[in-house]
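Here the structure is laid out as structure tokens; the discussion comes afterwards.
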Amino acid sequence: MPLPDGFIEELKFKNDVTEVISSYVNLKRRGRNFVGLCPFHGEKTASFNVYPQSGSFYCFGCGVGGDIITFVERIENLDYIEAVKFLAQRAGISVPQNNKKDEEMANLKRRIFEVNRESARFFHENLYSQSGKGALAYLKERGLTEKTIKRFGLGYSPKSRYELINYLTTKGFKYEEIVNANLAYAGKGKSVSARFFDRVMFPIIDLRGNVIAFGGRVMSDQKPKYLNTSDTLVFKKSLNLFSLNFAKNDNDGTLILVEGYMDVIALNQAGFKNAVATLGTALTSEQAKIMSRYAKEIVICYDSDTAGQQAASRAIELLRPTGILIKVITVPGNKDPDEFMRAYGSEGPARFSQLIKSSGNDVEYRLKKAAFNYNLETSEGKIAYLKESVKILATLNDLIEQEIYAGKLSEEIGIAKDSVISQVSKEQRKNRKIREKKQFLQIQQNISARNNKVNTEKSDNLRAAVAEEAIIAYIINNPEAANTVFSKLSPDDFCTSFNSRIYTVLKDRVSKGRPISITDLTQDFNGDELSAIALMLASESERMSTKETVIEYINVVLYEKEKLNKKNIVLAKDIEIIEYMRKLREHKK
């Protein structure tokens with residue numbers, strides 16, 4: 001059964017939407033509402049809105065919206081009941097017993113955690129078996145100690161594609177559970193084979209100590225070299241970082257961002273326990289925001305090759321909007337951190353510490369990288385360097401930063417500081433216009449795509465659908481006026497079935513004396529549907545409908561429904577005529 005209304009009301013009351021969201025997003029008041037940079041996608045212009053009156057949020061940039069529970073689900077990567085428990089714990093209240101569906105989902109997640117944990121044990125034991133001798137030798141050759149191997153729970157997946165499966169089934173796990181954890185593929189019939197085989201295994205552990213996934217480094221010539229668990233019910237690549245479970249408690253305000261598992265492990269063994277890495281993909285905006293919660297400074301230490309430097313530039317773009325301090329290390333000799341530590345042996349930690357101390361921030365890194373491409377002894381080289389540098393400084397929002405680097409640039413190439421700042425301002429205005437135009441188009445596309453996804457009939461009944469949405473938002477914001485609207489309009493009068501369903505739910509809840517806020521609807525609609533409802537509330541916040549305008553909306557719905565009915569009658573008659581003519585032609589034959 002669903003969670004009781006009284007509990008949901010207490011949960012809302014004790015978890016103010018603005019207060020909770022502001023612990024993740026820097027919000028600024030705008031009239032009655034609040035705005036900030038969206039935590040769910042990278043942006044430079046604030047399009048994330050919080051509406052205290054309706055207890056909702058909506059981002060016009062990416063189309064994500066909902067209530068406080070939805071927000072916690074997304075930001076903490078939790079399911080519905082886990083998000084409820086999170087908020088309940090925050091408020092110091094107890095959660096009533098889950099319904100059957102929630103219990104089934106919780107049990108499924110629990111079993112995935114258990115099968116992952118058992119698999120990690122299996123892989124680790126295999127590393128020290130006869131079949132794992134080659135893998136263990138490989139790790140020792142890479143300079144890893146027994147202590148480090150055990151700390152990270154490293155292991156080996158045997159060459160046989162069925163050994164893990166047989167082991168797990170003897171432990172009581174079903175094929176379906178093993179496949180759900182992405183530890184195996186389901187073939188034709190009942191055949192199931194392991195996803196990882198003949199690989200050194202790296203368990204990926206979340207902040208609560210659960211094994212949520214694996215990375216595997218191949219020991220043969222097969223491709224790909226590294227293989228990672230695909231997204232499952234307990235794991236999303238874009239929302240996790242390797243070794244953050246260690247780094248979060250031992251970072252001294254700084255995280256070192258590297259590219260791979262071995263880089264993290266090598267640094268950790270050398271005493272840098274604050275190293276983390278992405279999981280087989282480029283850094284995401286979600287990962288950037290996660291890191292900003294656990295540190296005040298990020299030190300980027302990617303490979304020195306072209307691909308690594310491009311990845312570093314991309315990481316800077318994503319980390320900048322979080323407001324976190326950024327440094328960039330360039331490891332000499334085109335080495336990665338793992339190679340660096342092995343090359344310098346016992347001197348490695350001290351040398352790496354010196355690299356961190358002498359590293360410049362992200363602006364200095366980008367300017368130095370730009371200068372490397374031009375001959376600053378020539379006028380043409382200076383002009384080209386100035387143009388590229390102005391583009392870099394135009395990405396800075398802090399005027400003091402602009403002043404400082406404009407001064408340095410002025411001295412470096414012998415041009416007036418005011419001229420540099422003037423060019424930077426011009427570039428920023430140009431970028432702002434491009435960004436605003438792009439954002440406007442993106443907003444329109446997102447709104448249209450999301451609406452079409454959950455309300456497939458909207459584009460064919462646009463006038464009626466807009467009026468229906470205004471009515472729904474008005475009812476949610478003014479429940480005391482709901483019965484007046486219900487007496488004039490039935491769900492059957494709606495032209496779109498999605499809006500009719502929302503209206504039906506609202507009408508049913510009001511008739512039973514139940515609350516109808518967006519949080520109360522979270523158990524009746526999925527994430528995309530709640531985003532669509534949040535957009536209705538966001539639009540209503542700007543519109544602020546009155547009783548008189550709602551009557552107009554009702555008349556629009558009734559008029560459009562009547563038009564649709566007449567159209568359907570005509571269409572039905574046309575079909576009858578066509579069918580009659582067809583039968584007549586057949587009869588003449």
Side-chain angles (χ1 to χ4, degrees), residues 25-30 35-38 41-48 60-61 283 285 288-289 292 296-300 306 309-330 358-444:
V25 181
N26 183 21
L27 296 175
K28 294 181 180 178
R29 181 176 285 278
R30 182 180 291 172
V35 298
L37 295 174
C38 181
H41 82 286
E43 63 175 9
K44 294 183 179 179
T45 304
S47 57
F48 180 85
F60 288 93
L283 182 72
S285 58
K289 288 181 172 64
S292 70
K296 296 177 180 178
E297 181 180 77
I298 300 293
V299 178
I300 300 173
T306 302
Q309 295 309 296
Q310 288 175 346
S313 297
R314 171 63 177 156
I316 290 168
E317 290 178 17
L318 293 173
L319 288 165
R320 262 266 160 189
T322 67
I324 199 166
L325 296 174
I326 307 167
K327 281 189 172 183
V328 184
I329 293 178
T330 301
S358 60
S359 63
N361 63 31
D362 62 301
V363 182
E364 292 166 347
Y365 165 78
R366 285 183 285 171
L367 290 173
K368 185 178 179 182
K369 186 179 174 185
F372 184 77
N373 297 323
Y374 306 105
N375 181 1
L376 300 186
E377 298 299 320
T378 67
S379 298
E380 293 81 4
K382 287 182 179 180
I383 292 170
Y385 173 53
L386 176 63
K387 287 181 178 179
E388 188 170 343
S389 298
V390 162
K391 290 181 180 180
I392 293 170
L393 299 192
T395 64
L396 307 179
N397 295 320
D398 191 303
L399 294 177
I400 296 176
E401 273 191 300
Q402 285 184 21
E403 286 271 346
I404 290 171
Y405 292 109
K408 289 184 178 181
L409 195 58
S410 168
E411 293 176 6
E412 189 175 7
I413 60 177
I415 187 172
K417 178 180 174 182
D418 288 346
S419 296
V420 177
I421 293 175
S422 175
Q423 289 299 308
V424 171
S425 298
K426 183 179 178 181
E427 183 72 18
Q428 284 186 316
R429 287 194 297 271
K430 184 182 80 172
N431 291 345
R432 192 178 300 114
K433 286 180 181 179
I434 294 172
R435 189 166 62 247
E436 287 173 353
K437 183 178 180 181
K438 184 179 179 181
Q439 187 173 3
F440 175 78
L441 292 173
Q442 188 64 51
I443 286 170
Q444 299 307 310

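Positions are given from 1, in the same order as the sequence printed here.
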**Positive for side-chain contact (heavy atoms from CB on, under 4.5 Å) with Ile326, one of Val363, Ile300, Asn361** = Ile300

**Message:** Rounded at 0.5 Å granularity, tell me how far CZ in Arg366 sits from CG in Leu396.
**Reply:** 6.5 Å

**Asked** Run the side-chain contact (heavy atoms from CB on, under 4.5 Å) check on Asn26 and Leu37 step by step: do they pass?
**Response** CA-CA 7 Å; Asn26 183 21; Leu37 295 174; over 6 Å; no

**Fill in**
From the list Val424, Val420, Thr395, side-chain contact (heavy atoms from CB on, under 4.5 Å) with Gln402 holds only for Val424

**Nearest heavy atoms of Ala46 and Gly36, plus distance in Å** = CB-O, 3.4 Å

**Which atom of Lys289 lies closest to which atom of Ser292, heavy atoms considered** = O-OG, 2.6 Å

**Item:** Pair Lys391 + Glu388, salt bridge at N-O below 4.0 Å
**Value:** no

**Exercise: identify the closest heavy-atom pair between Tyr385 and Ile413** = CD2-CG2, 3.7 Å

**Message:** Do Ile383 and Tyr374 have side chains that approach each other closer than 4.5 Å (heavy atoms only, starting at C-beta)?
**Reply:** no

**Prompt:** About how many Å separate SG of Cys38 and CZ of Phe60, when rounded to the nearest 0.5 Å?
**Reply:** 12.0 Å

**Message:** What's the separation between atom CG in Leu318 and atom CG in Leu283, rounded to the nearest 0.5 Å?
**Reply:** 5.5 Å

**Message:** According to side-chain hydrogen bond (donor to acceptor under 3.5 Å, both in side chains), does anything in residues 416-425 pair up with another residue at least two apart or in another chain? List the pairs.
**Reply:** Glu403-Lys417

**Request:** Sorted by first residue and then second, give each side-chain hydrogen bond (donor to acceptor under 3.5 Å, both in side chains) pair with at least one member in residues 317-328; sequence neighbours left out.
**Result:** Arg320-Asp362, Arg320-Glu401

**Fill in**
Between the CZ atom in Phe48 and the NE2 atom in His41, the distance rounded to the nearest 0.5 Å is 10.5 Å

**Message:** Checking Glu412 against Leu376 for the side-chain contact (heavy atoms from CB on, under 4.5 Å) test, could you report, in this order, the C-alpha distance in whole Å, the side-chain angles of both residues, the deciding distance, and whether it holds?
**Reply:** CA-CA 9 Å; Glu412 189 175 7; Leu376 300 186; 3.9 Å; yes

**Over all atoms of both residues, closest heavy-atom pair of Ser47 and Gly61** = OG-N, 3.4 Å

**Request:** Nearest 0.5 Å please: distance from the CD1 atom of Ile421 over to the CG atom of Leu393.
**Result:** 9.5 Å

**Message:** Just by distance, no angles: are the side chains of Lys368 and Thr330 close enough, under 3.5 Å, to form a donor-acceptor pair?
**Reply:** no

**Spacing of Ile392 atom CD1 and Leu367 atom CG [to the nearest 0.5 Å]** = 4.5 Å

**Request:** Assess whether side-chain contact (heavy atoms from CB on, under 4.5 Å) is satisfied between Lys408 and Ser389, documenting all intermediate values.
**Result:** CA-CA 11 Å; Lys408 289 184 178 181; Ser389 298; over 6 Å; no

